[in-house]
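The sequence lines fix the lettering, A, B, ..., with proteins before strands; numbering per chain opens at 1.
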Number of protein chains: 2
Amino acid sequence: MESSSTSRYTTVADVAQLAQVSKAQAARALGGYGAVSDEVRSRVLAAAETLQYHPNELARSMNTGRSKTIGVVVGDIENPYFSLAMRGIYDTCKAGGFDVILINTGEDLSTEIDAVNVLLDKRVDGMIVAPVTRSPSTHLKRVVDSGRPVVLLDRKVPSLPVDTVVAEMRQVSYEAARHLLDEGHTRVGYISSLDVGGLDFTVDLDLGSNPVTERIAGMRRAFDEGGVALPVDLIRLGAGKRHSIGDLVDALLTGPDPATAIVASDSVIALEALAELQRAGVRIPDDVSFLMFDELPWAGLMTPPITVVAQPVYDQGVAAAGMLLRRIGGDRSEPEHLALPSRLILRESVATIDSPVDPVTTGAST
Amino acid sequence: MESSSTSRYTTVADVAQLAQVSKAQAARALGGYGAVSDEVRSRVLAAAETLQYHPNELARSMNTGRSKTIGVVVGDIENPYFSLAMRGIYDTCKAGGFDVILINTGEDLSTEIDAVNVLLDKRVDGMIVAPVTRSPSTHLKRVVDSGRPVVLLDRKVPSLPVDTVVAEMRQVSYEAARHLLDEGHTRVGYISSLDVGGLDFTVDLDLGSNPVTERIAGMRRAFDEGGVALPVDLIRLGAGKRHSIGDLVDALLTGPDPATAIVASDSVIALEALAELQRAGVRIPDDVSFLMFDELPWAGLMTPPITVVAQPVYDQGVAAAGMLLRRIGGDRSEPEHLALPSRLILRESVATIDSPVDPVTTGAST
DNA sequence: AACCCGTGTGAGTCCGGTCTCATTCTAGGC
DNA sequence: GCCTAGAATGAGACCGGACTCACACGGGTT
């Protein structure tokens, strides 16, 4: 009883000693492998019980090479999108007997690189990454090289031969734009937090493939079909970082040819945009129509209820984790690229505009 | 090149060999301890670089006894409360150089027990637990005995001598009830997901100390001071599990002496209650007043804006992690019990009722 | 009686780091 | 020129499990 601090953990050796058998036998009885007589087994188990033996997972992982742990790297856990996806991942991993280590990148590339390295150094059995856009992805290559499976969530990295899970965006975005067009909106503003080197959006800006480019592509198709020019000048990148969302909203509603509809790229942006509109006294859908990506419980409870594009977020998490677990299980087949169907939920935040646009006088502040 | 699968990781031994020094010297150069000549150091570092050496954290943890990882056990990550607190925990741990393992219990005791054991077996340096209510807490005792620090979040376990971080609830709840009373509400319903053995709420039901009992205690004081009986019959437990939230809301608005105000114990309940009210055509605050715990961005954007009790959730996470890190750092002082101040944010969801209650004819369905 | 197989067992190695210990080398002090 | 403190170095123990190997023992063959 010489020490109450840092009381050592009991090890197989301790159990073996109490049970009067060799360490090897104790390990066999405890681990349930090899040949052990009933006599010895029960003695060992009893000893383990009295000593409150719990195996050291670190030691075990070290020579099995598997940690029964997967790593998840996301941009921002506080974002409902990620926390719900996380839940899907979590539930699936748990069912498969895997633990989860979570790392948050704050959408920062160097943090993501560190995160991936940390997970690799901790010898996770695999990882799910929602990569920061346009990352050179050498760090992800390192994972692939290490032989550990990776599944990319929400964003593809074309050069990387790994499984990906995304929500189908091109088609719903087409439908969403189609809907806006049908209601008479040709001047629709799009606000996204995506940011590429502080550049503004232009038609030939190469953003790679990510949810945002997919959406814009889908919307463009609808505009093209309708014979209307996609209002490129109303597509605003870098929301929340380079520009305040409130300012972006104001800007879209001011000027000679303002937006008659605003599309928010995710719920965080939607919330701030909505707050700004309310502050400025701009009514939805009378003064401006509103549409957001991501379906959250509150969207349908607003006045008016918000028209949204719902992605199967939880299911994306489940699918990603499922794929990962299959890979960990030894599946060596070709990389799979899953796109889960999204759908447009029509509510009341998009108004019908009477033909040739009549600019509304907005009460936008500042 | 006999194997492209499971390409072995480079170890100190590999680096040592390439640098033409002993394993011990390589380890010293890499780890930055002991005496190493500049000559050797640069050679080792160069070798490590070319071989892309990354230390195996498992091995390192095994004989240092510290994993630079903390475990977090929460009820439901999808709940904004936890995901925001998680963010606070995360940011703080990261700043301190610690990684985070997340485990979700789904508010289930046996899962919590498993979770705690898993974390202990993984040799986390400490853990933050938001314990399931009324747990016997022998599992938490095991952690304490192991010498690893624990910090309890959101709920206290009186028998456990560990640090706790909660939001101050008694005082704000007093203020909230006071406000309701001032506006003429004596029949206020309270809906909580807390559930203790499927029992209904009674005055002498011992629930221990948790946010919910604190709130009820605070509200009782206000009612007592006002000389009004706390409407115990309108306090509903087990929301979302034992009872559907919609049914609970309907029940509160039906009967001979219905509630004139509804208090939702958290944002998840609030959302479902609000949906039910909308479905039933009950207007806020004309037909019933509404007040919720937890401030979320959408609360102020609803029509009408919802009056809420805001807790410093992110700060709770930060505080909990801060305490834990201090303990890990060796702080052996007395357990600290921190209660962060909450505040009532008055908006427009509570209406004034004209003196002696005149039961409103509600449009509650079914 | 010699042989074989399978079960039960202990000794000891390995995983990949950290760290102790003993030894060698070198520079400074007298 | 000799002695010694301290730097530089290598060998090897150790953390706590998993697992290999060699060996003992008993029953069934032939």
Step by step, work out the side chain to side chain donor-acceptor pair (under 3.5 Å) result for Gln316(A) and Tyr81(A). CA-CA 10 Å; Gln316(A) 283 183 71; Tyr81(A) 173 86; 3.0 Å; yes
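- A salt bridge links Arg155(B) with Glu107(B): at least one charged nitrogen is closer than 4.0 Å to a carboxylate oxygen.
- Rounded to whole angstrom, the span from the CD atom of Glu57(A) across to the C1' atom of dG16(D) amounts to 11 Å.
- The CD atom of Glu336(A) sits 7.5 Å away from the CZ atom of Arg327(A) when rounded to the nearest 0.5 Å.
- For Gln17(A) and dG16(D), the CD to C1' distance is 15 Å, given to the nearest whole Å.
- Checking the phosphate oxygens (OP1, OP2) of dA7(D), no side-chain nitrogen or oxygen of Ser37(B) falls inside 4.0 Å.
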Encode nucleotides 12-19 of chain C as B, S and - characters from 5' to 3', where the letter depends on protein heavy atoms closer than 4.0 Å: B to the base, S only to sugar-phosphate, - to neither. ---BBBBB
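- Between Arg148(A) and Asp121(A) no salt bridge is recorded (no basic side-chain N to carboxylate O distance below 4.0 Å).
- Of all nucleotides listed (dT9(C), dT9(D), dG10(C)), dG10(C) comes nearest to the side chain of Ser22(A).
- Classification of Arg41(A) and Asp38(A) as a salt-bridged pair holds, one side-chain N sitting under 4.0 Å from a carboxylate O.
- For Glu39(A) and dT9(C), the CD to C1' distance is 13 Å, given to the nearest whole Å.
- Residue Gln25(A) has a polar side-chain atom (N or O) positioned under 4.0 Å from OP1 or OP2 of dT9(C).
- Here the CG atom belonging to Leu140(A) is positioned 11.0 Å from the CG atom belonging to Asp145(A), to the nearest 0.5 angstrom.
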